[in-house]
Amino acid sequence: MDPFKGQGGIQMLLIAEQEAQHIVSNAKDEAEREATEYRSHIEEEYQKSISENTGSSGSNVKRLEEETNAKIKNLKKSTSKVSSEVVDMLLKYVTNIKT
Amino acid sequence: MNDADVSKQIQQMVRFIRQEAEEKANEISVSAEEEFNIEKLQLVEAEKKKIRQEYERKERQVEIRKKIEYSMQLNASRIKVLQAQDDVISSMKEAASKELLNVSHHHDDHVYRNLLKDLIVQCLLRLKEPSVLLRCRKDDLHLVENVLDSAAQEYAEKANVDPPEIIVDNQVYLPPGLTHQNSHDLYCSGGVVLASRDGKIVCENTLDARLDVVFRKKLPEIRKQLFGQIVA
């Protein structure tokens, strides 16, 4: 009878232990890979939102510019109606001498 | 117990040990798998949390930058409107300044002559001096000389004093009215400047000086009249 035949079980256990250690040590690599994937996905979303925001902020600037120009146009239009009154008022005060 | 029985029993024990070993190896494998999953999950979640926080911070910064930029643009827009308002107000003063030139052109109907007299009287009332020096434009000299006596008399009656001595400066005149030729030089649209004999007290009563005073004084009123109905 082979005296080493009974050692097959011990060998099996040793191999199982080694494989277990290998599996657990792989966890870090797997986690890193998943995290990297997640990061690239988030980065993609972030860049997408930035480009969308840039577009919307550009249109905001344009809208604000248009509003400002409209205000100024309206201002000039409405003041031109009373400008002669203002000039007349100034001249009246200049030439009206209180003695 | 014969050899066959012993051998059989040993075989049975070996099988039992092997089975135990297999079960144990299986347990180790399952346990390793569980540990792997737990470890991986913890690492992934921790890293994901860090990544999320990092990008949340980035997004907050972008949001803040956006708000700052918009605020600056809004500010620039308001300044632009205020600048436009200022330009309108300045144009009112310019228009009034140009209109002033027409005042001194009313020679025919004595409007300007009476105005000059009133300006002289007003200066005399302010100076309250027995002897004064008067400066006017060269173009207005004859008009001023025409009204000097009546102005002195009117002042004397109002102030209840003797008529003052008014010396017209024939050496130095006020600058002429604004024209295309002298648009960058000093100009005077009309009126007079009176001073005490020692020159310490001066009463500047030119139309331009009066316009400056009126303009400053009436600025809130002008603003209200021009922009009262407009929200900047």
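Quick note: numbers below take in every heavy atom, side chains included, and nothing from hydrogens, waters or symmetry partners. The sequence lines fix the lettering, A, B, ..., with proteins before strands; numbering per chain opens at 1.
Considering only heavy-atom pairs separated by less than 4.5 Å from chain B, the leading option among A/K81, A/E34, A/R39, A/E32 is A/R39. Between chain B and the options A/L64, A/D88, A/I50, heavy-atom pairs under 4.5 Å are most frequent for A/L64. Of all the listed residues (B/K48, B/E99, B/M92, B/Q83), the one sharing the greatest number of non-hydrogen pairs under 4.5 Å with chain A is B/K48. For the set B/E47, B/K50, B/E59, the entry with the most heavy-atom pairs within less than 4.5 Å of chain A is B/E59. When the candidates B/G191, B/A46, B/A76, B/S77 are compared by the number of heavy-atom contacts under 4.5 Å with chain A, B/S77 comes out ahead. Taking A/N96, A/I42, A/T68, A/V94 one by one and counting their heavy-atom pairs under 4.5 Å with chain B, the maximum is reached by A/V94.
B/R137 and B/T206 are not linked by any side-chain donor-acceptor pair at a separation below 3.5 angstrom, with hydrogens and angles left out of the test. Side-chain N/O atoms of B/R210 and A/Y93 include no donor and acceptor closer than 3.5 Å. In summary, the side chains of B/K117 and B/N146 do not present any donor paired with an acceptor at a separation below 3.5 Å, with no hydrogens or angles considered. In this model, no donor atom of one side chain and acceptor atom of the other lie less than 3.5 Å apart for B/Y187 and B/D208.
Not a single donor-acceptor pair under 3.5 Å links the side chain of B/N205 to the backbone N or O of B/V193. Judged by distance alone, with hydrogens and angles left aside, the side-chain atoms of B/S97 form no donor-acceptor pair with the main-chain N or O of B/E94 at under 3.5 Å. The main-chain N or O of B/C203 is never found under 3.5 Å from a side-chain atom of B/R126 such that the two would form a donor-acceptor pair.
Contacts of A/L91 with chain B are made by side-chain atoms alone, with heavy-atom separations under 4.5 Å and no backbone atom involved. For a residue to count as touching a neighbouring chain, one of its non-hydrogen atoms must lie under 4.5 Å from one of that chain's; by this rule B/L74 touches chain A with backbone and side chain alike. For a residue to count as touching a neighbouring chain, one of its non-hydrogen atoms must lie under 4.5 Å from one of that chain's; by this rule B/K217 does not touch chain A. Neither the backbone nor the side chain of B/E45 comes within contact range of chain A; no heavy atom of the residue lies under 4.5 Å from a heavy atom of that chain. Interface remark: A/E85 contributes backbone and side-chain atoms alike to the contact with chain B (heavy atom separation under 4.5 Å). Contact of A/E43 with chain B is made through backbone and side chain together, with heavy-atom distances under 4.5 Å. Of the atoms belonging to B/E221, it is side-chain heavy atoms, and not backbone ones, that fall under 4.5 Å from chain A.
Within the cation-pi definition used here (under 6.0 Å to the ring centroid, within 45° of the axis), B/K58 qualifies as a partner of B/Y55.
Using a 4.0 Å cut-off between charged side-chain N and carboxylate O, B/D87 and A/K76 make no salt bridge.
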